[in-house]
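All remarks here apply to the structure that follows.
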Amino acid sequence: MKNMLITGGAGFIGANFTRYILQNDPQAQIVNLDLLTYAGSLENLRDLPDESRYTFVNGDICDRELIGRLINDHAINIIVHFAAETHVDRSIFGPSTFVQTNVIGAFTLLDAARKAWLEDKVVPVEQARFHHISTDEVFGSLQPEDPPFSETTPYAPRSPYAASKASSDHLALAYHHTYGLPVTITNCSNNYGPYQFPEKLIPLMIANALERKPLPVYGDGQQIRDWLHVEDHCEAIYRVLQNGRLGETYLVGGDNQTRNLDLVQTLCAIMDEVRPGAPHTDLIRFVPDRPGHDRRYAIDASKIHAELGWAPRHNLRDGLRQTVQWYLDHPQWIEAIRDQGGYQDWIERNYAQRTEERS
Ligand code: NAD
Ligand code: DAU
């Protein structure tokens, strides 16, 4: 029995995961619960493989009555919780929705699962699983010489987004230890790939480069991120769902630590090949930094590798090429996404105040 409730399945990773499950697990039935905020779109779920095993519900993870009903009506035994507010810059402008969705939303889901699985015994608890998707940002910021994050790194979140995700991780583990809820957690590094909303670094740079608009690099561009292709992330989550140990956290990373400026220059080189003309690096602009900007993230993924045999398959250069090509092949998707949820307002709000520092 695999009746799966995916939350946030109309967002970037959730939509990729929904496709991944429909392609790779013929036994799974999926209910996708998504509020369709600015970040979620049904455009991300067009042409799903095997739609007969898929149901979409437009709703809020903070709606306790709705969650209870979905678990009961669909005999949900697997919850994969992606839904969140996810953009660090937005959390700086408006932290309250981050607390509401990421903390209260996670709590609502955990408590509804506790009641349904442990009290009402809607499904056999041995078959139940609550998988919480989290981020490496809960561990704070590394210096260049520091060892990478591991499962034993103390929590030290530094943005409202990271703090809200850290809270939800603590709640998930508390529900495991206190009530015996069958919980697993993954904390992963920066994802990239198809269907990523163009507020995040890679799709923003590709979308701007396609229109020969400025490419805004925060601060000195020397911040380091560990880039993970979204398909590798989906596979890691699936392995944890299948064989991960209850109450355990697994760190997931792409083994691709890169400075932001180098990443943007690589994207420019790819763009030069596919759209020849003036060098795209001419579009790079250094703009004022993000407040509290974390300097470096890096992941030691040896636990998931040793226990579950997972390793990333994509190298960054090929993954970026594929991703650029995907955005080139999907101009209507970019248009549709940019037309929704006040995208232009956000771009103006975040970037208009960032007057150029030097080029
Ligand atoms: P996203 O912003 O692309 O999508 C979030 C989705 O959640 C959207 O479809 C949105 O409509 C939905 N949502 C928001 N509030 C909701 C609510 N109250 N009820 C129901 N649905 C709601 O996010 P993403 O980048 O796909 O990230 C998914 C998860 O992975 C998040 O939990 C995030 O913290 C985590 N994560 C993301 C990355 C990354 O690089 N993108 C890395 C590590 C962890
Ligand atoms: O590490 C995992 C996290 O990765 C996820 O938990 C978050 O949900 C996801 O948004 C991402 O957070 P980041 O802040 O690292 O991603 P973002 O794409 O916003 O920025 C990546 C880096 O690029 C970061 O150092 C800030 C920088 N940046 C970003 C934007 C949008 C720029 O230099 N210019 C920009 O315009």
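In listed order, ligands and their atoms are each counted from 1.
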- [ ] With sequence neighbours excluded, give me every side chain to side chain donor-acceptor pair (under 3.5 Å) pair touching residues 107-118.
- [x]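 Listed once each, the pairs are Arg64-Asp111, Asp111-Arg114, Asp111-Tyr175, Arg114-Glu119, Lys115-Asp120.
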Checking the N or O distance criterion of under 3.5 Å, is ligand 1 in contact with [X]?
X      : answer
Cys188 : no
Phe82  : yes
Leu35  : yes
Lys165 : yes
Asn191 : yes

Side chain, backbone, both or neither: [X] near ligand 1, heavy atoms under 4.0 Å:
X      : result
Ser134 : backbone
Tyr161 : side chain
Thr101 : side chain
Asp136 : neither

TODO: Could you go through the side chain to side chain donor-acceptor pair (under 3.5 Å) check for Trp333 and Asn44 one step at a time?
DONE: CA-CA 8 Å; Trp333 181 87; Asn44 299 348; 2.8 Å; yes
Nearest neighbour in protein (non-hydrogen) for [atom]:
atom                    : answer
atom 11 (C) of ligand 2 : Asn190 ND2, 3.4 Å
atom 24 (C) of ligand 2 : His293 NE2, 3.4 Å
atom 38 (C) of ligand 1 : Ile13 CD1, 3.7 Å
atom 29 (C) of ligand 2 : Tyr218 CE1, 3.6 Å
atom 23 (O) of ligand 1 : Thr86 CG2, 3.2 Å
atom 35 (C) of ligand 1 : Ile133 CG2, 3.9 Å
atom 34 (N) of ligand 2 : Pro216 O, 2.8 Å
atom 5 (C) of ligand 2  : Tyr161 OH, 3.6 Å
atom 10 (C) of ligand 1 : Thr37 OG1, 3.2 Å
atom 9 (C) of ligand 2  : Thr86 O, 3.9 Å
atom 11 (O) of ligand 1 : Asp34 OD1, 2.6 Å
atom 36 (O) of ligand 2 : Tyr351 OH, 2.6 Å
atom 19 (N) of ligand 1 : Ile61 N, 3.0 Å
atom 4 (O) of ligand 1  : Gly11 CA, 3.4 Å
atom 25 (O) of ligand 1 : Phe12 CD2, 3.8 Å

- [ ] Kindly say whether the aromatic ring centers of Tyr351 and Trp346 come within a distance under 6.0 Å.
- [x] no
Would you say the side chains of [X] and [Y] form a donor-acceptor pair under 3.5 Å?
X      : Y      : answer
Thr18  : Asn32  : no
Tyr192 : Arg225 : no
Lys303 : Thr249 : no
Asp300 : Ser302 : yes
Glu137 : Tyr297 : yes

Which atoms of ligand 1 have any heavy atom of [X] under 4.0 Å away?
X      : answer
Gly59  : 19 (N), 20 (C)
Thr135 : 43 (C), 44 (C)
Ala84  : 5 (C), 7 (O), 14 (C), 31 (C), 32 (O)
Asp60  : 17 (C), 18 (N), 19 (N)
Leu36  : 11 (O)
Ser189 : 42 (C), 43 (C)
Asn190 : 40 (O)
Ala39  : 2 (O), 8 (C)

Open item on the list: Which residue in the set Gln23, Arg53, Arg19 passes side-chain contact (heavy atoms from CB on, under 4.5 Å) when paired with Leu48?
Closed with: Arg19
- [ ] Among Ile76, Ile30, Thr55, find the one that has a side-chain contact (heavy atoms from CB on, under 4.5 Å) with Leu5.
- [x] Ile76
Proximal candidate to [atom] [heavy atom criterion; set [options]]:
atom                    : options                      : value
atom 23 (O) of ligand 2 : Asn260, Ile133, Ile13        : Asn260
atom 2 (C) of ligand 2  : Asp136, Val88, Ile224        : Asp136
atom 19 (O) of ligand 2 : Glu85, Arg90, Gln222, Arg290 : Arg290

Open item on the list: Counting only heavy atoms closer than 4.0 Å, does ligand 2 sit against the backbone of Glu137, its side chain, both, or neither?
Closed with: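 The answer is the side chain.
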Task: Structural part of Ile202 in contact with ligand 2, heavy atom criterion under 4.0 angstrom - done: neither
TODO: Just do the side-chain contact (heavy atoms from CB on, under 4.5 Å) check on Asn3 and Val123 with the steps written out, would you?
DONE: CA-CA 10 Å; Asn3 294 334; Val123 295; over 6 Å; no
Task: Shared hydrophobic cluster for Tyr250 and Leu173 (ILVMFWY, side-chain gaps under 4.5 Å) - done: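 Shared cluster, no.
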- [ ] Determine, using the 4.5 Å side-chain heavy-atom cutoff (strictly less than), whether Leu33 and Ile71 are members of one ILVMFWY cluster.
- [x]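 Same cluster: Leu33 reaches Ile71 through Ile, Leu, Val, Met, Phe, Trp or Tyr contacts under 4.5 Å.
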Is there a polar contact between ligand 2 and [X], counting only N or O atoms under 3.5 Å apart?
X      : value
Trp227 : no
Leu201 : yes
Asp294 : no
Thr135 : yes

Task: Within-shell test, Glu199 vs ligand 2, heavy atom, strictly < 4.0 Å - done: yes
- [ ] Check ligand 2 against His87 and write out every atom of the ligand that is under 4.0 Å from a heavy-atom position of the residue.
- [x] 19 (O)
TODO: Just jot down the ligand 2 atoms closer than 4.0 angstrom to any heavy atom of Leu204, in number order.
DONE: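 Counting from 1, the qualifying ligand atoms are 36 (O).
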Task: Pairs involving residues 38-74, ordered by first then second residue, that meet ring-ring contact (aromatic ring centres under 6.0 Å, His included) (sequence neighbours left out) - done: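 Matches after skipping sequence neighbours: Tyr38-Phe197.
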